[in-house]
Structure formats: structure tokens, C-alpha cells
Amino acid sequence: MPIEAFLRQHLNPAQYEVATTIEGPLLVVAGAGTGKTRVIEYRVLYLVSKGISPQSILLLTFSRRAAREMLNRAARHNRLCEYVVGGTFHSFGFSVISEFAHALGYKRPISFLDEADREEAIYRLAVSLGYTAKKKRFLTKTTLKKVISASFNRSETIETVLLKDYPQFLSFQNEIEHLKREYIKYKLEHNLLDYDDLLICLKLLLEKEQIRERLSERYQYIMVDEFQDTNKLQAEIVYLLGKKHRNVMAVGDDAQSIYAFRGARYENMFEFLEVFPETRLIKLEENYRSTQPILDLANAVISQAEKKYTKVLKAKRQGGERPALFIFKDPHDEAAWVAERIMTFREEGLALHQIGVLFRGLYLGRALELELAKRQIPYRVYGGIRFVETAHVKDLLAHLKIVANPLDELAWLRVLTLIDGIGPKTAARMTDAIVQAVSVKEALLPFTKHPRYGPQLKSLLEVREKAQSLPVSDVVTLLADYYLPILEQKYDDYQRRRADIESLKQIALGYKAIEPFLLDLVAMEPAERSIEEIESLYEDEGPLCLSTVHSAKGLEWEVVFLIGLADGQFPSAYSITDKEALEEERRLLYVAITRAKTRLFLTLPHRGYRGGVHTFNRLCRFLDQEEVLSLLDISGREYLEETFDEVLYAKDELLAKMLEEF
């Protein structure tokens, strides 16, 4: 059968056009679920079937697995496709650098720094320069690496990176800039490369005309997957590779560009047309994943984007239920309902691994983790680690444990060593004294006179004593207020971790005593035997998936719950004053919606708890529009009405009293 006839059998008209357009620049705007992987697979097959040498075809992806999967599929139809050059930008960069190392001034062999080596090298330089000896706390080795790496990947100055991600370290801007320069010199002097160098050096080589000519002769056909996720360096590499022959195909979706924090630039999707003005633009809009009601919601959300390639996703599947929006009184009600609904789906025969629960940030899923643990529903968290496994949550729970049980030695050891100046040996002496004394206060009184750690130890004792007479939610708030300065001192990324502390406060609202609260939290982290017992109940299926939206990109489930849709949570409060960041939040919601195949549930807890006060949540601004709400089945409006009636009544009553008094 002729290759054209074969492709027409397996592709829709737009996909066929992409697969058979092989000369000149081509930009493919591939909407969610429109089969872009299949298109790349068949385009490789078409190129090879037309007699083009597989070694002259270069496929660049963001994971080796993706490249291997596409090429293996193509090879099932034609074994020559196995010889197509495919891999990540970084692996391609390493192969080119290895070949032309001399042109960069490197000698062979070149040593490669892994992430741990890179951290160590940067930090050793910081120590040698005297930056870590200052009284004011310097950045940790991990944070130093992240700042310098972000500067390379996002093509931004150290100042810009610090302003965006670590404003508390702006005073160290000059030191970090100097350290960055010294690190570059160190690598050159010691014949070393790190992960970021693979892109930087590849671009430098491509800017050398003689080398670029050789590579252009070698690779006549370039294909790039997920072009919306490329950073500035990667896009420039693509432009240089295709500068001569111009046979470049970029596949991507500007509406799914959600990795700006890694340096991804959705603008590359638009700049491609400026670099290659003769580009042919093809849109893939036929969706093979979701039902039309789900796609209608996705289309409505993304249609409000300021800069976009307008496309309308059309479902290949027939029928389908409208997405449903449920408004709950608070996060406890929200979590309990979601957990019960998951149990219902499971009883109806839907495997747990076919259900996904998505949220903007990990902290929004904490109450649900507790509910799932109570019901012994096995789950996996993607985008981070389990709630009670995080160091900062363990820190705060240790403080809670010493309130509930003054003889908990392990908790005391953790709490005491968090105080600046108290090491493991001193903490052990203090703990021994506590166990042997009549009271904690009596045991630790001599230690409170120490000039270095005495004042903070005294503060800890005062907080603990005050906590004895408070309800559990107030105890957690009191301890959190005491712990937050420690959090800021201990963790460079304390802003992100604070959200988990707020979640712990929220969870505590549902308890009247410390013991059951701690018991339920321990149930979220069962012993290995318990895990085996729980999972054996569901041995024919994988666990439920809980994931941040960022980690869910590229995945799909029959049923999706998108929870915590309060404005300020989704979109994130940090994005609201930044126009570009807010637009990325809209794209993030689009990605979340398009993960659902058959059923989509959106949830909002109307009452919240932030910064120690109760709040009333507003629905995510991207959904709170008449044309979007009309596409949803909405339940729970009474919570909105009741709450606002209460607020209005309270205001009227306060006004009347003030007029009467004054």
C-alpha cells in the first residue's frame, strides 16, 4: 500500500497535512489530546519512506522516553526509523560537544558534574571566597545552585532571579554574581561541564559558521516536540540548526505553556514565525481524549487569553456530561465529599488509577490526604512528597507532641535542636533532665540562663505553658506563630513551606483534642505492613493519583477532581499582580481541565483560614464569568448566599451599634 494511502487511513486531514509537509518550516499548533505524538511518529515514517536517510533526521524532545516511544512506534512500520537521531536537547548537546570539544578550548576527556557535584563545587567556591563566614546567613548550597542555574536557563541576571524567587537574598546579589563568574572559570580550568553547559556550549558551537555548516549538512530535517516548553537558549539552538536548510517542524501548544519557572517561553511559539516568515501553520483541533462538554469548558477558559493561537477543540467522542462545580462550606466538607465520591466510583467498578485529583499547590490536597487515610484508600502524591513526610510539618508536629506528652523524648530532641545554639549533645542533656524532673519548667530552668539560647528556650516554655489551656486549633496557631521565624531561618524556600503550615491550621479546626488530631495525622503515614494490607485490598489496580497540575501535564484520567478553586489559590496569590504570571495561571487551568476524559468535578470551599483568620473565598476568576458558569452544573450556591447574608447582617448590626454609641 502506498504510504499516502496508509496515512490517510490512520490520520485525520489536519494530521495528514502535517505528516506529509516535509519541505520548509512548519509550525504545528496541537491542542490538548489531538494526537501530536501520532503525527510525529507518522511524519518520521513518511520521511524515511520517501527515501530520506534516517541519520539526517533529528528529533528533539524533553525526555528520552518520549523520543524512544515515537521512534519505536515508527520502526514497527519501517525498521529504518530506528536509525533516526532522537533525544533530548541536553543529550544532543553532549554528543555535539564531545565531538567538537577542541573548538571550545576543552581537552578530552571531559568530566561531567552531576547535580550533587555542582552543588558542592559552587559551595566550596563560596567558602573559599569567604561568603559563608559572614554573620548574616548566606544561601544554602542547594539554593545557590538553583539561583545560578535559573540565571542560565532563563537568560536572566542574578538580580532578576532573586527578585522573582528569593527576594530575601537580594543583599547578596553582588556576591552571587561574582560566584557565578568564578564557577564558570573553575569549570574551564578543570575541564568540567554541568547540565546547563550542555545547552550553552551547544549554542556557542552552532554560532561558529564552520561547525554549523557541518551539522546542517548532517541534519537536514529537524523536528521539535513541546516547543512551547523550550527556553530562550533551546529556541535559538533550533533556529541555528535550521538556518540553512529551513526544514524545521516545531510542534506545541501555547495554551499549555506552564513552566515559566523553569525558563519556558510560550513566546517562542510566536517568534518562530518571525525567524521563519515562510512558515506553514497547521492547527490540530480534533480531540481524541475528552467529551465535548469538557472541551467546551476548556475552550471558554482559554478564549479569554490575551495572546494565543485561536483554536477550538472538537471532540471525537460522542455524548458526555457537563462538568460539575460543587461549592462547600469549608475544606473539611470538600475533602470528605471528594473522598466519598471516589469510594462510590470505586464501588461502581472504576479502578482507582483511573481517577485523578488535581490542585494548584500541594497544600490544597492536605485535608483530602487525611480523609483518604481514614478510609484506607491508597494514593500516591505527584509533584512532591506526602504531607507528614516533609521536614517542616514534622517540626511543627514535634512541638505539638511536647504539648500533648512532655515525656516524648524524640519530639523534644527535634524541637530543642531547632533552637540556634543547641546541638544534639545539649538537647540530649535537656531531654534527660525533663524525663527525670517533676515538671518541664523545673528541668529546663537552669538552661534558660544560657546567654546564647536561653532567651529562645524561655520563649518556647512560655508558649508551651500557654498552649495547655487552649483548644487544639488555637494550639496549632500559637505553635505555628512561634515556629515561623525558625522556618524562615532554616529553609531558603520558606514561602512555599508556609502554605503547609496554613494547611495544618485548617485541618486542626475539625478537632477538639490534640490526641485524635495527631492520631489521624499518623494514619496518613502508615507503617509498611499497613501499606501492604491496604494495597492488597486493591491488588488488581494502581493507587489513586493526587497531583499538582504542573506534574499532571501529559497525563489523563477517566475522572478528574480539580479541588481548591478559590481565587488566590488558583490562580496563585503571587500571580495576581503580575500580568504574565496571571496568563500562565489561565493556561494552567486549561491544562487541568483537559486531563479529564469522561467526568470532571470542580470544587470550592467557601470558607477558608489564612494567616490566622477566617476568610470567605471567591471562585477562581477564570471560572467566575457568565459564559463559563453557563457550561457548568452548579451545586452548593446556598453556602455563598448564607455566608454573604451573615456578613451583611453583621455589618448592619455593627453600623447600628456604632451610631447608637457615638
Side-chain angles (χ1 to χ4, degrees), residues 1-61 63-87 92 215-227 238 241-242 244-253 272-273 276-290 309 311-318 554:
M1 179 187 296
I3 185 64
E4 288 82 3
F6 175 79
L7 293 181
R8 286 191 187 279
Q9 281 186 357
H10 293 84
L11 302 175
N12 64 41
Q15 291 174 330
Y16 177 84
E17 187 180 1
V18 172
T20 56
T21 301
I22 59 176
E23 299 297 329
L26 174 64
L27 181 65
V28 182
V29 181
T34 56
K36 70 174 179 61
T37 300
R38 167 177 283 205
V39 169
I40 294 173
E41 167 197 341
Y42 282 119
R43 190 171 192 268
V44 168
L45 177 63
Y46 185 77
L47 285 163
V48 172
S49 299
K50 285 298 179 181
I52 293 167
S53 168
Q55 287 93 344
S56 71
I57 303 168
L58 174 63
L59 171 61
L60 295 172
T61 64
S63 73
R64 291 181 181 179
R65 185 181 63 81
R68 190 164 55 245
E69 182 182 336
M70 286 184 270
L71 296 179
N72 285 345
R73 285 183 182 179
R76 291 174 193 165
H77 306 289
N78 188 326
R79 293 295 299 274
L80 289 174
C81 294
E82 291 180 357
Y83 300 101
V84 168
V85 181
F92 176 66
L215 292 173
S216 295
E217 287 299 318
R218 186 182 303 172
Y219 303 112
Q220 296 283 327
Y221 295 88
I222 313 293
M223 288 187 281
V224 188
D225 189 22
E226 303 285 13
F227 195 65
V238 172
L241 280 169
K244 182 178 180 181
H245 53 68
R246 308 183 82 76
N247 296 326
V248 182
M249 181 186 80
V251 183
D253 183 5
F272 188 91
L273 299 176
F276 302 113
E278 72 275 30
T279 294
R280 187 169 179 179
L281 175 66
I282 301 174
K283 297 177 185 177
L284 301 182
E285 299 176 299
E286 195 166 349
N287 179 284
Y288 293 84
R289 177 189 297 152
S290 308
Y309 283 111
K311 57 186 179 301
V312 179
L313 295 177
K314 305 179 188 73
K316 189 73 174 173
R317 300 173 62 189
Q318 299 298 312

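FYI, side chains are in, hydrogens and waters are out, and symmetry mates aren't considered; it's all heavy atoms of this structure.
Contacts of Arg246 classified as salt bridge (Lys or Arg N to Asp or Glu O under 4.0 Å), with partners at least two apart in sequence or in another chain: Glu278. Every salt bridge (Lys or Arg N to Asp or Glu O under 4.0 Å) that Lys316 has, sequence neighbours left out, goes to Glu286. Residues satisfying the salt bridge (Lys or Arg N to Asp or Glu O under 4.0 Å) test with Arg280, not counting sequence neighbours, are Glu17. By the ring-ring contact (aromatic ring centres under 6.0 Å, His included) test, Tyr42 is found to be paired with Phe6, His10, His77, residues two or more places apart in sequence or in another chain being considered. Listed by chain and number, the residues in a ring-ring contact (aromatic ring centres under 6.0 Å, His included) with Tyr46 amount to none (sequence neighbours excluded).
Legend: salt bridge (charged side-chain N to carboxylate O under 4.0 Å, His left out) pairs involving residues 25-36, not counting sequence neighbours, sorted by first then second residue: Lys36-Asp225, Lys36-Glu226.
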Q | Audit row: Val85, Arg218, side chain to side chain contact (heavy atoms under 4.5 Å, CB included) steps and yes/no | A | CA-CA 11 Å; Val85 181; Arg218 186 182 303 172; over 6 Å; no
Q) After noting the C-alpha distance and the side-chain angles of Ile222 and His245, does the key distance pass the side chain to side chain contact (heavy atoms under 4.5 Å, CB included) rule? A) CA-CA 10 Å; Ile222 313 293; His245 53 68; 3.7 Å; yes
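Atom OH of residue Tyr219 and atom OG of residue Ser53 lie 11.0 Å apart, to the nearest 0.5 angstrom. Rounded to the nearest 0.5 angstrom, Gln15 CD and Leu7 CG are separated by 10.5 Å. The CG atom of Asn247 sits 11.5 Å away from atom OG1 of Thr21, with the distance rounded to the nearest 0.5 Å. To the nearest 0.5 Å, atom NZ of residue Lys244 and atom CD of residue Glu217 are 4.0 Å apart. If you take CE on Met249 and CD1 on Ile22, they are separated by 11.5 Å, rounding to the nearest 0.5 Å.
Leu281 has its side chain within reach of Val29: a pair of non-hydrogen atoms, C-beta onward, lies under 4.5 Å apart.
Side-chain atoms of Tyr221 and Glu23 form a donor-acceptor pair, as typed in the model, at a separation below 3.5 Å.
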